[in-house]
Amino acid sequence: MLTLSVIREKTEETIQRLKIRNIDADKMIACVIESDKKRRSLQNSLDNLQAELNATSRTIGGLILSQNNLAAEAARKRTGELKEEIREKSRLLREAEDELEKELLQIPNTPSFMVTPGRGAEDNVEVRSGGSMPQLPSSAMPHWELARICDIIDFDLGNKLTGAGFPVYKGMGSRLQRALINFFLDENARAGYIEVMPPLMVNEESGFGTGQLPDKEGQMYHVEVDNLYLIPTAEVPVTNIYRDVILDAKDFPVRNTAYTPCFRREAGSYGKDVRGLNRLHQFDKVEIVQIQHPDRSYETLEEMVTHVEGLVKKLGLPYRIMRLCGGDMGFTSAMTYDFEVFAGAQRRWLEVSSVSNFESFQANRLKLRFREEGSKKTVLAHTLNGSALALPRVVAALLENNQTGKGIHIPEVLHRYTGFDFIPFLSS
RNA sequence: GGAGAGAUGGCCGAGCGGUCUAAGGCGCACGCCUGGAGAGCGUGUGAUCGCCAAAAGCGGUUCGCGGGUUCGAAUCCCGCUCUCUCCGCCA
């Protein structure tokens, strides 16, 4: 949610930034300004009525004690009138507040001026790339075939237990998952991120804090009896650790990393996009989160991108880093870099990480603030997060790119975690 | 799941219809004292909204959350949430 005072004070800048998303910002912002004016005027007159009521009430006790019954009665009558007016004004104020909130919630985050305007994925900007493209024979198999003939991932079995998009990892496949999770967590810890293990379900407040609620509840699994949501990403519980928190400037940067399964309904997805590991309802991901001073959040974003790039490099995967254009960015982000790795058999780029700066958009919902040294004023912090990394597509690319006629080579950095360096095809 | 107790400022804790503008303590900040520190003494001490260009100042809200009673609620009534204790169940 954008901050009202910023919309009020930097109206033109806000509109210009929103236009990077290719949306009609003028009307949205004009509406908000109008509603805010209305709200403030109501608030002001309500405050005055309350002040008079308080003052009058305070005199009544004294008047009764001094036996001034006539004056006491008059004062009583006045408070009665005031209360009636207050009731009405409060109702109007609440309506105005609800209206304003509704309008504010519909406005996406303002992209940074560094973000390129654009409509969709075709306008994204490739920032850099690395790794070498695999040279595979035409007989190379996609990962779902490889997973089957190595017997490391069983999609049909998952289908039986739960449904499509819930694979069962077996044997070396299961071990590979664990290895990747531990590798990522260790690398993140070395870079200064403190590991946390959050709950996998969150309440409504948390869903609201990071921007999944309202409006995007269709993407989350909802446990109705207890009104809890299965997390779509560790971003939700980890960032919400800092909901309603006031930090000191010297606490920055706050860095956390967490491994969690992630649950996404992915309603409406179909076709080759969802083949094999390309899109799942449950998948594993290691997330990094930072809370940073507004002056330094973009440096931090670059630092996080470099860190994620290091992970991809160590795994030896061919990658490219895209800076998303305005039209392709998520609702809550001010700037996002996507990491894509190339899966050699499918000959497709697969997104494995998304690293974003949310500026104060989430912090405003979370009421996540900080105080400058020696200052009394609270200021909204900036939140950032990124995948480091999401597993399924990494596994897809590893399997496809490292296949030989006999099995799959495991990258060197993982050997100490897997305990093996090669997954052989089963002799049929 | 059953029974009981409770939720007060950064923390502990008093208050049980007007003097709450929330006692007292701890913590923290500043000042005095000191060669320096400590002790001691003094002063201050949250969040949030509005008025104001801003600061200062003034006003509103805030004693778990939401309603109600009352001229007036931390205090009385109703509902909800959470915590603790005991019992039950259980990895």
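Chain letters run A, B, ... following the sequence lines, proteins first and then strands; every chain starts at 1. The structure displayed is predicted, hence computed values, not measured ones.
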If we count only N and O atoms by modelled type, under 3.5 Å, do the side chains of [X] and [Y] hold a donor and an acceptor together?
X	Y	result
A:N203	A:S206	yes
A:E187	A:Y193	no
A:Q219	A:Q212	no
A:H382	A:Q292	no

- Message: If you go through the side-chain atoms of A:D47, does one of them form a donor-acceptor pair with the base of B:G59 closer than 3.5 Å?
- Response: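 Between B:G59 and A:D47, which were checked side chain against base, a qualifying N/O pair under 3.5 Å is present.
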- Query: Any Lys/Arg nitrogen of A:R40 or A:D36 sitting under 4.0 Å from an Asp/Glu carboxylate oxygen of the other?
  - Reply: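 Result for this pair is yes, salt bridge flagged.
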Counting heavy atoms from C-beta on, name the nucleotide in [options] closest to the side chain of [X].
X	options	value
A:N44	B:A47, B:U61, B:G50	B:G50
A:Q50	B:U48, B:G60, B:G50	B:G60
A:R40	B:C51, B:U48, B:G46	B:C51
A:Q43	B:U48, B:C51, B:C49	B:C49

- Message: Is the phosphate of B:G67 approached by A:R87 (side-chain N or O, under 4.0 Å from OP1 or OP2)?
- Response: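 Answer is no, no contact under 4.0 Å.
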- Quick one: is B:C71 close enough that its OP1 or OP2 comes under 4.0 Å of any side-chain N or O from A:R78?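 Result: no.
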- How would you list, by chain and number, every residue that makes a salt bridge (Lys or Arg N to Asp or Glu O under 4.0 Å) with A:R78, sequence neighbours excluded?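 A:R78 satisfies salt bridge (Lys or Arg N to Asp or Glu O under 4.0 Å) with A:E52, A:E81 once adjacent residues are dropped.
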- Per-nucleotide pairing state of RNA chain B [Watson-Crick or G-U, under 3.5 Å; [ ] pseudoknot-crossing; | other strand]: ((((((((.[[[..)..(.....]]]((((((.......))))))((((((.....)))))).[[[[[..)....]]]]])))))))....
